[in-house]
Amino acid sequence: MSTDIKRKSAIVTGGSRGIGREIVISLLREGIEVWYLSRSEGLPADELCKMAEAPSGLAHWVNCDMADAGSVEEALSTVLAQTSRVDILVNNAGITRDGLIMRMKDEAWEDVLRVNLTGAFLTCRKISRVMASQRTGTIVNISSVVGIMGNGGQTNYAASKAGLIGFSKSLARELAGRSVRVNVIAPGFIETDMTDVLPENAKDSLKTQIPLGRIGDATEVAQAVAFLCSDKASYITGQVLAVDGGMAM
Ligand code: NDP
């Protein structure tokens, strides 16, 4: 529990691995206390503090299934029992269930929308109340270039990620009067468990669509998130920042 009144507090969904873990580490590095919500802890929270060269006890894992509204409510209540303020909310948890639409099962559509879009709605609904009453705060939602460009075989994922963009712009307008900023990061092709499943030839063909000619690293997304969460981005709200090596320009 934070005892320093000036220390900032953050909630990150899906911080157990991949991009989310790097986001947790980059916020810890800024001296921010972080609660990360996922179904598994991944590396122990104190290991993340060590990696960030932050004091131990600054990171906290909270078990949460973003597909389950009751679990999200319980996890956020657990966090709010430990910190009276939330300066940063990052909605990063996301899944894919790819398939062509003609063969897509209802569950593949519903699971992806539930975790990627409804999950963000649930956290934003609860935490925007906290931020509005603080009259400060910043929210970053992790979308994807697929939400901008579309991608065959990912109608469900693209719908969830495009939905996040419209959702975030609307929320930015709702909360601006309370000095709460809301922005979106749209990563391109980033090396994580999510993209590990692709065969090498698919990766090579994807690389040809990236002007910078390489797959991105999760730390490169995390740095952009840390920037949008910082006071350096104090006049930026309602924006979509692509971190994609130029893929979606
Ligand atoms: P990973 O599959 O590596 O990690 C996904 C994270 O989300 C994990 O921490 C996982 O935790 C969490 N998560 C998944 N389902 C749930 C759930 N039901 N409840 C709680 N947490 C959940 O993905 P990435 O790091 O690659 O992706 C992170 C975000 O970035 C996602 O939103 C993704 O769509 C987006 N993105 C990724 C790109 C890429 O190329 N990698 C490109 C564009 C966007 P756990 O399993 O422990 O619950």
Side-chain angles (χ1 to χ4, degrees), residues 11-21 23 35-42 61-79 89-128 139-171 184-203 205-206 218 221 240 244 247-248:
I11 297 173
V12 178
T13 70
S16 60
R17 53 198 158 87
I19 293 170
R21 179 158 79 199
I23 293 170
W35 283 261
Y36 61 101
L37 279 45
S38 43
R39 293 163 304 173
S40 60
E41 184 176 15
W61 171 62
V62 183
N63 190 333
C64 177
D65 182 356
M66 295 301 297
D68 175 351
S71 172
V72 175
E73 175 65 28
E74 200 180 315
L76 293 176
S77 298
T78 300
V79 176
L89 168 64
V90 183
N91 281 298
N92 161 82
I95 57 167
T96 52
R97 296 279 183 273
D98 297 352
L100 297 174
I101 191 150
M102 284 184 260
R103 282 191 230 126
M104 188 175 285
K105 301 259 190 302
D106 291 0
E107 299 77 53
W109 174 266
E110 282 155 11
D111 288 354
V112 168
L113 269 289
R114 193 174 295 122
V115 174
N116 297 7
L117 188 55
T118 307
F121 157 70
L122 293 169
T123 59
C124 286
R125 182 172 62 184
K126 186 148 182 113
I127 300 305
S128 63
I139 297 172
V140 175
N141 292 325
I142 308 296
S143 175
S144 165
V145 287
V146 168
I148 299 169
M149 301 165 69
N151 192 25
Q154 290 198 308
T155 49
N156 51 357
Y157 184 72
S160 72
K161 294 301 188 178
L164 262 185
I165 293 174
F167 170 80
S168 303
K169 289 185 178 184
S170 304
L171 189 59
V184 175
I185 296 271
F189 185 25
I190 310 296
E191 184 93 64
T192 66
D193 291 352
M194 188 177 269
T195 50
D196 247 13
V197 293
L198 293 172
E200 278 312 309
N201 60 345
K203 286 188 189 174
S205 130
L206 267 166
V221 179
V240 181
D244 64 351
M247 205 173 170

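One-based numbering along the sequence shown.
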*Asks:* Just verifying a value: how many Å separate L37 CG and L89 CG, rounded to the nearest 0.5 Å?
*Replies:* 9.5 Å
*Asks:* Distance from L171 atom CG to I139 atom CD1, nearest 0.5 Å?
*Replies:* 5.0 Å
*Asks:* Shortest non-hydrogen contact from F189 to L206?
*Replies:* CE2-CD1, 3.6 Å
*Asks:* So, taking the atom named CG in D193 and the one named CD1 in I19, what distance separates them when rounded to the nearest 0.5 Å?
*Replies:* 10.5 Å
*Asks:* Quick one: pull up CG in N91 and OG1 in T123 and give me the separation to the nearest 0.5 Å.
*Replies:* 3.5 Å
*Asks:* Do I148 and V240 have side chains that get closer than 4.5 Å, going by heavy atoms?
*Replies:* yes
*Asks:* Looking only at non-hydrogen atoms, find the nearest pair between I185 and P187 and report the distance.
*Replies:* O-CD, 3.3 Å
*Asks:* What's the separation between atom OG in S38 and atom CG in N63, rounded to the nearest 0.5 Å?
*Replies:* 7.5 Å
*Asks:* Taking side chain as C-beta onward, heavy atoms only, is L76 less than 4.5 Å from V72?
*Replies:* yes
*Asks:* I'd like to know if the side chain of D65 and the backbone of S71 have a donor-acceptor N/O pair within less than 3.5 Å.
*Replies:* no
*Asks:* What pairs with E191 under salt bridge (charged side-chain N to carboxylate O under 4.0 Å, His left out), at least two apart in sequence or on another chain?
*Replies:* K203
*Asks:* Name all residues meeting the side chain to side chain donor-acceptor pair (under 3.5 Å) criterion together with S143; count only those two or more places apart in sequence or in a different chain, and write none if there are none.
*Replies:* none
*Asks:* Other residues, nucleotides and ligands only: do more than 12 of their heavy atoms fall within 6.0 Å of CD on E74?
*Replies:* no
*Asks:* Mind checking side chain to side chain donor-acceptor pair (under 3.5 Å) for R114 and listing every partner two or more places apart, or none if nothing turns up?
*Replies:* none
*Asks:* Show which side-chain atoms of residues 92-107 pair as donor or acceptor with protein atoms under 3.5 Å away, not counting sequence neighbours.
*Replies:*
from : atom 1 : to   : atom 2 : distance (Å)
N92  : ND2    : T13  : O      : 3.2
N92  : ND2    : G14  : O      : 2.8
D98  : OD1    : Q154 : NE2    : 3.1
D98  : OD2    : Q154 : NE2    : 3.3

*Asks:* What I'd like to find out is whether the side chain of C124 reaches to under 4.5 Å of the side chain of N141, using heavy atoms alone.
*Replies:* yes
*Asks:* Enumerate, atom names and distances included, each donor-acceptor pair closer than 3.5 Å involving a side-chain atom of residues 157-167, sequence neighbours excluded.
*Replies:*
from : atom 1 : to   : atom 2 : distance (Å)
S160 : OG     : N116 : ND2    : 3.2
S160 : OG     : Y157 : O      : 2.7
K161 : NZ     : I142 : O      : 2.9

*Asks:* Give me each pair satisfying salt bridge (Lys or Arg N to Asp or Glu O under 4.0 Å) with a member in residues 118-128, each pair once, sequence neighbours excluded.
*Replies:* E73-K126
